[in-house]
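The block underneath contains the structure these notes are about, expressed in structure tokens.
Here is the naming used below: chain letters follow the sequence lines, and residue numbers restart at 1 for every chain.
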Amino acid sequence: MKTVINNYIREEMFPNMWCPGCGNGIVLGAIIRAIDDLSWDKDKIVAVSGIGCSSRITGYVDFCTMNTTHGRALPFATGIKMANPDLKVIVVMGDGDCSAIGGNHFIHAARRNIDLTAIIINNMIYGMTGGQYSPLTPTGKYGSTAPYGNIDQSFDLVELAIAAGASYVARGTVYNPRQSTSLIKNALDKKGFSVVEIISDCPVSYGKMNKMKSPADMLKWIKDITVSKKVWEGFSPDEKKGKYAIGEFLSKDRPDYTELYEEIIKKAQERGGNK
Amino acid sequence: MKQEKLIEVYQNNSVKISIRREWCKSCGICVEFCPKDVLVPDNQGKPIPENIDACIKCSLCELRCPDFAITVEGVEEKDE
Ligand SMILES: Cc1ncc(C[n+]2csc(CCOP(=O)(O)OP(=O)(O)O)c2C)c(N)n1
Ligand code: SF4
Ligand code: SF4
Ligand code: SF4
Ligand SMILES: [Mg+2]
């Protein structure tokens with residue numbers, strides 16, 4: 001049963017450490033299939049992650065990989081890209097990793113438009129540490145730190161990324177693996193900062209606290225709360241409540257940070273700066 | 001390092017479904033969302049393609065399996 005997957009994973013690390021039915025593995029499959037579609041050289045790819053269940057992805061892929069610290073995957077990735085702009089740098093983050101502790105890095109990476117692909121596995125919870133709510137936990141949902149329901153308003157990561165200046169922004173789900181693969185492929189192919197949020201399931205930390213015991217229940221819920229961008233646009237404000245639009249939201253061209261930096265190097269050299 | 005691969009292969013003349021039992025965690029996703037009810041869980045919750053003749057090779061089970069434990073391949077039609 002050799003498939004394209006086998007060409008890109010560290011087989012000796014399997015079975016993976018995730019709980020049964022955890023969406024992280026579905027996203028891993030989508031990332032690998034997207035890269036295979038692009039026929040990229042494995043050794044020219046660097047996958048960088050922070051800390052969290054989702055961040056364990058970098059342990060399973062046979063690229064150059066770096067598992068960094070919580071919230072700081074983007075700064076590490078920025079350094080790698082600046083040092084060697086020829087590398088393809090993919091950053092995998094959890095919702096907490098990206099939007100709580102790493103929120104500042106996220107908006108500034110988008111503002112600079114550095115040529116990285118950020119994939120955010122949004123299971124709407126801190127999975128690894130036992131279900132604390134994150135900035136992407138929906139209002140009213142339960143977490144170990146929100147036993148009476150979350151009163152915070154969550155970020156819309158798509159809107160946040162667009163407002164901050166990203167070049168490519170999309171949202172998919174683990175229920176829709178084909179669409180997610182193609183969104184990730186487009187994001188990888190795009191020059192500049194590209195963002196793909198994948199709504200995912202954490203049956204153990206999120207599901208249990210929100211009355212969805214099985215992975216299948218969680219996937220059905222994800223199906224129910226998501227609609228295509230087109231349908232979404234026709235929704236009234238009331239109909240939009242508790243729902244997420246999925247699809248491609250932005251794809252625009254503007255100079256990326258490494259190109260601009262190359263120009264600065266040239267300028268400095270012309271003025272007689274150090275080579 | 002070398003793992004013993006316990007792969008079960010089920011095949012008819014159009015499709016081959018392989019299940020890597022040591023990687024499967026019995027999550028039930030493939031069984032629940034197969035559009036043709038091809039897959040039935042065994043007593044360990046791992047899928048068995050009991051109705052393989054109904055399979056439409058949509059590959060959704062493979063794409064949604066979080067553990068790379070099930071694959072679907074077309075079987076090339078042969079003349080003889
Ligand atoms: C600086 C720091 N603060 C806190 C932690 C504890 N911690 C580990 S993972 C995590 C959150 C994980 O949530 P998320 O990023 O959504 O990833 P998931 O596990 O859900 O995939 C936290 C708070 C840490 N490792 N380092
Ligand atoms: S705790 Fe949640 S996110 Fe972490 S491996 Fe288990 S199901 Fe996945
Ligand atoms: S390929 Fe489609 S029809 Fe066939 S077993 Fe898998 S999910 Fe069912
Ligand atoms: S989806 Fe994969 S891990 Fe889950 S029961 Fe099916 S084969 Fe096993
Ligand atoms: Mg999370």
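Looking at A:N6, only its side chain comes within 4.5 Å of chain B, counting heavy atoms on both sides. Heavy atoms closer than 4.5 Å to chain A are found nowhere in B:C30, neither backbone nor side chain. Proximity to chain B is absent for every atom of A:S214, based on heavy atoms less than 4.5 angstrom apart. Both the backbone and the side chain of B:T71 come within less than 4.5 Å of a heavy atom of chain A. Heavy atoms closer than 4.5 Å to chain B are found in the side chain of A:P177, but not in its backbone. At a 4.5 Å heavy-atom cutoff, the contact between B:I19 and chain A is made by backbone atoms alone.
Other residues, nucleotides and ligands contribute at most 12 non-hydrogen atoms within 6.0 Å of the CZ atom of A:R56. In A:Y60, the OH atom is crowded: over 12 heavy atoms of neighbouring residues, nucleotides or ligands sit closer than 6.0 Å. Applying the 6.0 Å contact sphere to NZ of A:K44 captures no more than 12 heavy atoms from other residues, nucleotides or ligands. The environment of CZ in A:F155 is sparse: at most 12 heavy-atom neighbours from other residues, nucleotides or ligands sit within 6.0 Å.
Residues B:E32 and A:D217 fail the side-chain proximity criterion, which asks for heavy atoms closer than 4.5 Å.
One finds the OH atom of A:Y175 at 8.0 Å from the CG atom of B:L60 (value rounded to the nearest 0.5 Å). Note: B:C27 SG to A:D201 CG = 8.5 Å, rounded to the nearest 0.5 Å.
Nearest approach of A:P15 to B:E22, heavy atoms of both residues: CG-O, 3.8 Å.
In this structure, A:F14 and B:F68 have tilted ring planes: the angle between them lies in the 30° to 60° band.
Taking chain B as the reference chain and counting heavy-atom pairs below 4.5 Å, the highest number among A:N176, A:L28, A:V27 is found for A:L28. Per-residue counts of heavy-atom pairs under 4.5 Å with chain A were compared for B:R64, B:K16, B:E73; the largest is that of B:R64. Among the candidates B:L63, B:I70, B:I17, B:V31, the residue making the largest number of heavy-atom pairs closer than 4.5 Å to chain A is B:L63.
Using a distance-only test at 3.5 Å, with no hydrogens or angles considered, no donor-acceptor pair links the side chain of B:K25 to the main chain of A:C22.
Between B:R20 and A:E11 there is a salt bridge, with a side-chain nitrogen of the basic residue lying less than 4.0 Å from a carboxylate oxygen of the acidic one.
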